[in-house]
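These notes concern the structure reproduced below.
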Amino acid sequence: MKIQITPRFLAPVVAAAVIVVAAVVPSVSRDADERSPETLDVDATTYTCPSGDGLSVLAGQVSPGDSVSARALPDDAEIADLENPAVWRAAGSAGEAVAVTQTGSGSGAAGFVAGNADGSGDGLVVAPCATRADDDWFTGLGAVDGHDSQLVIVNPGDGPAVVRLSAWGESGALAIAADDTITLDAGEVRRVAASDLAAAETTMAVRVQRLRGEATAQVLDAGSSDVRGSELMTASAAPAREVVVASADGEGARALLMTNPGEETANVRVSALGADNGTYVLEGLDDVPVEPGTVARVDLPSVDAPLLVSADQPVTATSRWQGENDLALGTSLTALEDRGALLPVVGDTRLTVASAGRAGQATVEGFDTEMNSLGEQTLDIPEGGSLAIGAGEVADGAAYLLVTGPGMYAQARYAEGDGIALAPVLAAPTAVLAPHVSWGGRWH
């Protein structure tokens, strides 16, 4: 059975289903197979991409879709260059943000922002565009002269949207300077400087919770002093006791920024998912305390692998690499699934696939802009370790890569000149698991 589920309605549908199941437990069948979740194809996907000088939108999909609507917000102007769902395409930034809606059962539409952020740190940016912000976390914002991050909230929907903001700093929870609840009109793009939320914070975390309507969120992190360059930060998942975090190598300074929003001290161990040695604890980071309600910063040694952050209380984390003229931020990674994950090839592109537990395999396939396969590689990922491969090793001249590796984690590192960018590799929205619901003693 296939039904249409769009991102704007997915969470309410799943939540409602869970409530129904809980309400009828006494009368349901005990057959475990009958109660297994069902895989449903996603028929429509909406994402938004912040605009800026020097940045472009790259739009694509796992398989050809049926139709695409692309518009510049807030003016709602059509962007014809992005409206062919049978190829990978690009267009310059338009308006304050670009909103793309693509239909096609299981097409797996995804967008990316790429380019040099002229006038906003002037660094290399390559990042996934944002989907709906139900509960998004961003760690590592700055709210001082020379490092004033910008929270970009977009409402791509037809009605008003409401989000609530919370913030933490190195000394504790922060009181939002203005109203902590923001209402956005249909098509509105709101850019909020971190210093307008809480001034004079060198390291802070922000949580964005969607209360009503449609909203997406990302952070443009840029600086011109101690923090130099730019990065478009993808939201991390909610705090957890185990988090896999992307990490960049190369000459430069490194730090790990951790948020503990709870009421008890979190004792954290930081490990690397190494290519040669498997999982190993980083020197001096076997027991790092993060006080309740604070953001902590610790220096990192040079590590050419994703990080495993383990704690006895839920935390979220971001790694920061600072080069001479650019910065890279590594947010949390989510495990890949049976469906593919997409990443564009921009400059020198290197993919790293890691395992936080058992050994596994990943398949990486390169495609041109017409979605023709150019080559494929199979990677054997060691237990608790990682393996890196350059885009050129997969297929020469590829426009994008498709990665499949159930249970594995993946990050992409981009380099161009002295610019660097780090991005999570996320599963494409081709399908979703939905629980069965029951009424009258029958499952549906």
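As the structure is a computational prediction, the values presented were derived from the model and not from experiment.
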(message) Between Asp226 and Arg228, does any side-chain N to carboxylate O distance fall below 4.0 Å?
(response) no
(message) Is there a side-chain contact between Gln150 and Val192 in this structure, where contact means two heavy atoms from C-beta onward sitting under 4.5 Å apart?
(response) no
(request) Report yes if the side chains of Leu197 and Leu174 come closer than 4.5 Å at any heavy-atom pair, otherwise no. (result) no
(request) Enter the distance from Arg320:CZ to Leu257:CG here, rounded to the nearest 0.5 Å. (result) 5.0 Å
(message) Using side-chain heavy atoms (C-beta onward) and a distance below 4.5 Å, is Val303 in contact with Leu282?
(response) yes
(request) Mark yes or no for whether Asp185, through its side chain, and Pro160, through its backbone, hold a donor-acceptor pair below 3.5 Å. (result) no
(message) I'd like to check Leu342 versus Leu401 (side-chain heavy atoms, cut-off strictly below 4.5 Å). Are they in contact?
(response) no
(request) To the nearest 0.5 Å, tell me how far Arg241 CZ sits from Ser310 OG. (result) 12.0 Å
(message) Does atom CZ (Arg164) have a neighbourhood of more than 12 heavy atoms from anything else shown, all under 6.0 Å?
(response) no
(request) Report the C-alpha distance between Glu214 and Asn155 in whole Å, list the side-chain angles of each, state the deciding distance to 0.1 Å, and finish with yes or no for side-chain hydrogen bond (donor to acceptor under 3.5 Å, both in side chains). (result) CA-CA 6 Å; Glu214 296 302 306; Asn155 175 8; over 6 Å; no
(message) Would the distance check show the side chain of Gln411 and the main-chain N or O of Ser247 forming a donor-acceptor pair, the cut-off being under 3.5 Å?
(response) yes
(request) Give a yes or no on whether a salt bridge exists between Asp76 and Arg71, defined as a side-chain N under 4.0 angstrom from a carboxylate O. (result) yes
(request) Supply the atom-to-atom distance Ser149 OG to Asp221 CG, rounded to the nearest 0.5 angstrom. (result) 3.5 Å
(request) Measure the shortest side-chain to side-chain distance between Ile182 and Val162 over non-hydrogen atoms and say whether it is less than 4.5 angstrom. (result) no
(request) In plain terms, say whether Arg350 and Asp348 are close enough for a salt bridge, that is, a side-chain N and a carboxylate O under 4.0 Å apart. (result) no
(message) If you compare all heavy atoms of Leu58 against all heavy atoms of Pro344, which two are closest, and at what distance to 0.1 Å?
(response) CD1-CB, 3.8 Å
(message) Looking at Glu291, is its backbone amide N or carbonyl O close enough to the side chain of Thr294 to form a donor-acceptor pair, meaning the two atoms are under 3.5 Å apart?
(response) yes
(message) I'd like to check Val244 versus Leu273 (side-chain heavy atoms, cut-off strictly below 4.5 Å). Are they in contact?
(response) yes
(request) Take Met258 and Val298 through the side-chain contact (heavy atoms from CB on, under 4.5 Å) test and state the conclusion after the steps. (result) CA-CA 8 Å; Met258 298 173 287; Val298 295; 4.1 Å; yes
(message) Does Arg269 have more than 12 heavy atoms from other residues, nucleotides or ligands lying within 6.0 Å of its CZ?
(response) no
(message) Which residue in the set Thr331, Thr203, Thr259 passes side chain to side chain donor-acceptor pair (under 3.5 Å) when paired with Thr139?
(response) Thr259
(message) Determine whether Leu336 and Thr404 satisfy the following criterion, side-chain contact (heavy atoms from CB on, under 4.5 Å), listing intermediate values before the conclusion.
(response) CA-CA 7 Å; Leu336 301 180; Thr404 304; over 6 Å; no
(request) Kindly say whether Gly252 contributes a backbone atom to a donor-acceptor pair with the side chain of Arg254 at under 3.5 angstrom? (result) yes
(request) Sequence neighbours left out, what passes side-chain contact (heavy atoms from CB on, under 4.5 Å) with Val189? Give chain and number order. (result) Leu73, Glu96, Ala97, Val152, Val154, Arg191
(request) Answer yes or no: is there a side-chain heavy-atom contact under 4.5 Å between Val126 and Val113? (result) no
(message) Between Thr103 and Asp43, is the side-chain contact (heavy atoms from CB on, under 4.5 Å) condition met? List the steps.
(response) CA-CA 6 Å; Thr103 66; Asp43 285 352; over 6 Å; no
(message) Within this structure, what is the OG1-CE distance for the pair Thr352 and Met408, rounded to the nearest 0.5 Å?
(response) 14.0 Å
(request) Report the C-alpha distance between Asp326 and Asp418 in whole Å, list the side-chain angles of each, state the deciding distance to 0.1 Å, and finish with yes or no for side-chain contact (heavy atoms from CB on, under 4.5 Å). (result) CA-CA 7 Å; Asp326 201 6; Asp418 59 0; 5.8 Å; no
(request) Working to the nearest 0.5 Å, report the span between CG of Leu124 and CG of Asn116. (result) 5.5 Å
(message) With a 4.5 Å cut-off on side-chain heavy atoms, are Thr202 and Met204 touching?
(response) no
(message) Between Thr48 and Thr216, does the side-chain hydrogen bond (donor to acceptor under 3.5 Å, both in side chains) criterion hold? Intermediate values first, please.
(response) CA-CA 7 Å; Thr48 69; Thr216 66; 2.5 Å; yes
(message) Would the distance check show the side chain of Thr316 and the main-chain N or O of Ala238 forming a donor-acceptor pair, the cut-off being under 3.5 Å?
(response) no
(request) May I ask you to decide if Asp135's main-chain N or O and Gln209's side chain share a donor-acceptor pair within less than 3.5 Å? (result) no
(request) In plain terms, say whether Asp249 and Arg413 are close enough for a salt bridge, that is, a side-chain N and a carboxylate O under 4.0 Å apart. (result) yes
(request) Verify, without hydrogens or angle tests, whether Asn267 (side chain) and Pro289 (backbone) share a donor-acceptor contact under 3.5 angstrom. (result) no
(request) Indicate yes or no for a side-chain donor-acceptor contact from Asp148 to the backbone of Ser195 under 3.5 Å, with no hydrogens or angles considered. (result) yes
(request) Could you tell me whether a side-chain N or O of Ser332 sits under 3.5 Å from a main-chain N or O of Val243, the two making a donor and an acceptor? (result) no
(message) Rounded at 0.5 Å granularity, tell me how far CZ in Phe138 sits from CD in Gln218.
(response) 7.0 Å
